[in-house]
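Because the structure is predicted, anything quoted here is derived from the model rather than measured. Quick note on labels: first sequence line is chain A, next is B, and so on, each numbered from 1.
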Amino acid sequence: MNTVRVRFAPSPTGFLHLGSARTALFNWLYARHAGGKFLLRIEDTDKVRSEKKFLDEIFDDLQWMGVNWDEEPLYQSQRFNVYREKAEEVLAKGRAYKEGDAFIFKIEKGRTIELDDMIHGSITVNTDEIKDQVMIKSDGSPTYNFACVIDDAYLEVTHILRGDDHISNTPKQILFYEALGLTPPKFGHMPLILGPDGAKLSKRHGGVSVEEYRNGGFLPEALANYLILLGWSPGDDREILSMDEAVSLFDISDMSDVQAKFDIQKLKWLNGEYIMKRKTEEVLPLIKDQLSKAGLDIAGLTDDYLSRLVDLYKIRIKTLREFVDLADCFITDDFTVDEDGKRKHLGSEENKANLKIFADRLEELDDFSHEKIEEICRDLVEEKNLKASNIIHPTRVAISGKTRGAGLFEIMELLGKEKVLERMRGVGR
RNA sequence: GCCCCUGUCGUCUAGCUUGGUCUAGGACAUCGCCCUUUCAAGGCGGCAACACGGGUUCAAAUCCCGUCGGGGGCGCCA
């Protein structure tokens, strides 16, 4: 009977913003928790600014995050005649007037509109604060508030969860419901996400679209988890939650009524946790994607080789993109080099000499396994009365260009004898 | 300017509804130690908050008022 029906109503005039993604996520959680329906409505009344490519990407991003919808999306651009009919209806009731071709709704002064917000509790507004509202513009298109009410009623939406920036729209919409003889749904206004500096989250804070995070090597479950955590918590100390867990634990009364700042550090931490947990074979295609995006040629490399590489590095990266910076030495000879590290570990003749001796000994080695390599290294250290780090650091920089990364002997084994010796010997030249 | 929402560690938050169990808990970040060939991971520990001022009360982070601060809105944008 009283099935919960919620909707997400994007406007295809730009990429999916993180804030919108969060709105979608919470609506979706609300619907799924209640066993209700999650609907999509496309607010494409602005025919000039709406673009197909934005719409396609919004659909794609939602699905990527695991947000699926139940019925065919409703397109406002196809319902102009309905809006007009309704406007005529309001006009006939004497609740509106015309100004040129525009239909304008009369706001009755001196009334107090009270709404019982699911997140904020009671909010009251005096209608003296509200100006008469355009329903249909001179060009025949409906205004946002008018179309919104008609469509939410048409879709039988029971709960509207949207951003705080809509609070001032709500009393206007309630008046429209009233004039149309409709019962308003329940409203819940959730606080907006702010940038780290407390201002509205915008481009200058880095990424603001889901797309940017996708491309930047974030996992959908990490982004969704983070966004859900921004403004909601299950009440206990759990932070890493699967979508399924979030669905079962979600309760709108646990939602915060305070604006929250976006913290990329915590997102990265979560992302790292999820990358670590993912199976190697799941991460592999994503890594391949990142490598080719970075312009690295992986055509000559086997999946087995790349899998072993992923195994070595997936526990130490926060984003998939970081993999490229850390492991390029396995893909190309033209890898990036940490110049400071190089100076530090390969600056002295002594270290270069040690490196050469190590290389000579490795030359003899047929079984180029990390165990054997380490054995040779340890023996050498003992024999020459050196510290292991005197050999290890110079070698690491010589063959990988980095001062950090996976265990040296494992790096050497995977890279193979030929490459290792070539790079070790290349240092002196 | 007017209206609305809002104020617990640097950040996200638990606690606030039903005042005492809060010398305020967790997480990220940060710092230190352990582990260790580096970086991560892991373990241990440190730093760090109830915006301020008045009430109410035996007792307030929790209730009330004010101040200040932050955000949003005031479009024939959505």
Side-chain angles (χ1 to χ4, degrees), chain A residues 9-14 20 43-46 48-50 76 99-104 117 119-121 123-126 128-131 133-148 163-172 189-194 196 198-200 226 229-240 253-254 256-270 272-273 276 312-318 322 326 338 341 345 374 377-378 381 387-397 400 402-411:
Chain A
S11 180
T13 53
S20 304
E43 309 212 323
D44 53 354
T45 55
D46 187 335
V48 178
R49 291 197 301 143
S50 296
Q76 292 192 321
E99 211 173 87
D101 290 328
F103 289 70
I104 319 238
D117 191 276
I119 292 166
H120 294 288
I123 297 177
T124 58
V125 178
N126 193 290
D128 290 351
E129 308 294 338
I130 309 172
K131 296 197 291 188
Q133 295 293 307
V134 175
M135 297 185 292
I136 303 290
K137 306 178 209 169
S138 304
D139 67 358
S141 65
T143 55
Y144 164 74
N145 280 315
F146 192 60
C148 186
D164 258 358
D165 50 341
H166 284 287
I167 288 182
S168 58
N169 283 325
T170 304
K172 301 169 188 171
H189 292 93
M190 42 196 180
L192 272 15
I193 312 181
L194 270 31
K200 203 179 201 170
Y226 178 70
L229 234 40
L230 214 53
W232 177 75
S233 93
D236 54 25
D237 291 331
R238 285 207 283 167
E239 300 208 289
I240 297 186
S253 65
D254 292 331
S256 164
D257 55 3
V258 190
Q259 55 218 3
K261 295 190 182 81
F262 183 81
D263 180 15
I264 187 72
Q265 294 299 341
K266 190 141 186 177
L267 207 208
K268 281 190 178 178
W269 168 73
L270 267 171
E273 294 291 311
M276 228 184 298
L312 244 35
Y313 284 91
K314 73 168 183 163
I315 60 163
R316 49 195 104 219
I317 54 176
K318 294 268 186 277
E322 276 176 24
L326 222 46
D338 175 345
H345 299 298
E374 175 159 12
C377 176
R378 301 289 176 198
V381 164
K387 282 195 292 186
S389 56
N390 290 334
I391 299 287
I392 288 170
H393 293 312
T395 308
R396 176 189 300 281
V397 177
S400 76
K402 317 287 185 285
T403 56
R404 43 187 293 241
L408 177 68
F409 307 119
E410 287 163 308
I411 290 179

Heavy-atom donor-acceptor pair, A:K266 side-chain to B:A27 base, under 3.5 Å: yes
Please report the distance, rounded to the nearest Å, between [atom1] in [X] and [atom2] in [N].
X      : N     : atom1 : atom2 : result
A:L229 : B:C12 : CG    : P     : 12 Å
A:I167 : B:G72 : CD1   : P     : 12 Å
A:D44  : B:A78 : CG    : P     : 11 Å

When the C1' atoms of B:A61 and B:G71 are compared, how many Å lie between them, rounded to an integer? 23 Å
Interatomic distance at C1', B:C4 relative to B:U57, whole Å: 32 Å
Which protein N or O atoms sit under 3.5 Å from an N or O of nucleotides 60-67 of chain B?
none

Go through the structure and list residues passing ring pair (Phe, Tyr, Trp, His ring centres under 6.0 Å) with A:Y144, not counting sequence neighbours. A:H166
Please confirm whether the shortest side-chain N or O distance from [X] to OP1 or OP2 of [N] is below 4.0 Å.
X      : N     : result
A:K137 : B:C77 : yes
A:K318 : B:A29 : no
A:S233 : B:A14 : yes

Smallest heavy-atom separation, A:G341 atom then A:T403 atom, equals CA-CG2, 3.5 Å
Can you give the donor-acceptor pairs under 3.5 Å from side chains of residues 257-267 of chain A to other protein atoms, not counting sequence neighbours?
{"unit_1": "A:D263", "atom_1": "OD1", "unit_2": "A:Q265", "atom_2": "N", "d": "3.2"}
{"unit_1": "A:K266", "atom_1": "NZ", "unit_2": "A:E239", "atom_2": "OE1", "d": "3.2"}
{"unit_1": "A:K266", "atom_1": "NZ", "unit_2": "A:E239", "atom_2": "OE2", "d": "3.1"}

Which part of the nucleic acid, if any, lies within contact of A:A388, taking any heavy atom under 4.0 Å across all strands shown: a base, the sugar-phosphate backbone alone, or nothing? nothing
Any side-chain heavy atom of A:I240 sitting closer than 4.5 Å to one from A:L270? yes
